[in-house]
Amino acid sequence: MSQYTFITTPIYYTNGAPHIGHAYTTILADAMKKIEQMKGNTPLLSTGTDEHGQKNQHSCEKIGKPIDVFLEEQSALFKNLFNRLNIDYDFFVRTSAASHKTIVSRILQNLYDRGLIIKKNYEGLYCEGCEQFKKKCDLDENGLCPDHQVKPKVISEENYFFRLEPYRQWLKEYITNNPDWITPRNYAKEVLSMLEEPLEDLCISRPKSRVWLGIELPFDKNFVTYIWFDALINYISTLDWENNEKFEEIWKNSYHLLAKDILKPHCVYWPIMLKAIGIPPVHRCIVHGYWIGEGGIKMSKSLGNVVDPNEVIDSIGTDALRFYLLNNMNSTGDAPISISLLLQGYRILANGLGNLQMRALKILDKNLNGIIPAEVELTNDDKKLLQDISDSFKSIYAQDLSLSMVNELTNQITNACSLVNGYFSSEEPWILAKDPSKSNRFKQVLKTTLEALSLIATAAYPIMPKISKEVLNSLNIPTENIITDFNIEKLKSEKIKVPEPLFPPLEKKVLEN
RNA sequence: GGCGGGAUAGCUCAGUCGGUAGAGCGGAGGAAUCAUAAUCCUUGUGUCGUGGGUUCGAAUCCCUCUCUCGCUACCA
């Protein structure tokens, strides 16, 4: 029975250009979508851009463009990158869209009418340089803002607040009773520790005098709503929550993907907001770490170790980038990335999968006129090899979506390539080919190798969609609808052509400037 | 300061229930020549961050400390 799976990325802040972290989360979401698709489910992928708030406003003012032009351009940077990354999104949310604003507005009004949003005075230390309130512990020993060396002003202003504390106990119990709600589990622990202390009221308004780029509070025209309150709602506004009769069915199987820095908004504010609205929490939160430079050094422009996703695509291609990212993020912490690591990753693919395809197809082309010997009966050992590969993929695909599941998949792709390369080497088909009496064995080895290749290519589809299709096409296997069909013998006796290399040698210059 | 993560082979990391440490990459040696000089095989005695405790036995549980990263809300 087909079921919906709703997969979301955060909506990305349009203040700057997309970086490798944006690329990763979105690739992960896309890979998960494709996994669900292959299983016969109906996945929906939502991503988008977050276009309100102070920083967007400032960037825009600095550049001096009309706001809608600025936002359109910035949002397009993300859209373009995602297209280049082969992201098959179903929704691209822009918080500046009227439909989104309407829903946010309605939710605000509803919570206000029910007395869940209250107005009160807020007094705090405000640094005009930072344009934000500071806590005492943020200041240096002289009570100055560490960034501006200025004493913050005591400002008192009226604001609207959403009360979180009444829901704290409920959320605590929810997380305790649903230990897999936040995965990996160490992040659930962190959220639980946030819930140990009483939660302060969440200030959900900003006076327009400070921030004008936002959604106006429907009950007070002097304020816009706090960006997080607006942004989180994208996850339901994108589904047109109130009017979508399938909402419950879709939401039941929803996954939020996020980086660890936005754990609190997603795992504290958001479930509480939903609870207040009357919607159950998302099915699962999948949290991941950061990409950092080689040697554990943070990426920064001054160090010149920033990895720009568009440049990487230019040099090693989308699928090699996808593979690297999905293969190398570990489930507990941060993961390193650099040009040389990416090149190493590319080489592993070229030498493993690329070489396997090429050596098998070329020998087939030379000796059997390019016709796949599909009719030959395999030995039990050959069949076992295929069955083992097939079983390993099947068991991975049977798992729930998670970081470790994706990791196992990429590992198993590499392992299978190496296994089959080993098989090929030890069977020495190039020697068998010279001896007419060994023709049957030759055909068995070739068929086994090609069948294995088709299994690997099928399994790799979510990770490397383009490469996967190229391999399958080279074996004359249709690719319109790739499913988790790990049948070990599906090739037909058809003539194939030797294709161009999947991962051609790179020109070194491309990457080393 | 508080909370949380990490600390395991040169590098990046796995290690589920506690039972004498694993993978990939790199390095070294060899085989092979079908293939994008790609492949295959062989090769790792590491104080599992420090000190202590529990245990017949701990990388794995408990405590101390050190280093490191993140969060600590109104910047996202």
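Order of the sequence lines sets the chain letters (A, B, ...), proteins ahead of strands, with each chain counted from 1. Quantities reported herein were computed from a predicted structural model and do not represent experimental measurements.
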Among [options], which nucleotide sits nearest the side chain of [X]?
X	options	answer
P336(A)	A32(B), U12(B), C69(B)	U12(B)
S425(A)	C40(B), A38(B), A35(B)	C40(B)
K366(A)	C34(B), A76(B), C40(B)	C34(B)
K55(A)	U12(B), A38(B), C75(B)	C75(B)
R210(A)	A32(B), C75(B), A35(B)	C75(B)

When only distance counts, do a donor and an acceptor, one from the side chain of N355(A) and one from the base of A35(B), lie under 3.5 Å apart? yes

Is any side-chain N of the basic residue among K384(A) and D391(A) closer than 4.0 Å to the acidic one's carboxylate O?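 No, this pair does not count.
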
Considering only NZ, NE, NH1 and NH2 on the basic side and carboxylate oxygens on the acidic side, decide whether K119(A) and E158(A) come within less than 4.0 Å.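 Salt bridge between K119(A) and E158(A), a charged N being under 4.0 Å from a carboxylate O: yes.
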
May I ask you to check if K260(A) and Y290(A) form a cation-pi contact, with NZ or CZ under 6.0 angstrom from the six-membered ring centre and within 45° of the axis? yes

Is there a Watson-Crick or G-U wobble partner for [N] with both distances under 3.5 Å, and if so, which one is it?
N	answer
G1(B)	U72(B)
G57(B)	none
U66(B)	A7(B)

Indicate, with a heavy-atom threshold strictly under 4.0 Å, whether L356(A) touches base, sugar-phosphate, or nothing. nothing

Roughly how far apart, to the nearest Å, are G46(B) and G5(B) at atom C1'? 24 Å

What about F323(A) and Y346(A), are their ring centers closer than 6.0 Å? no

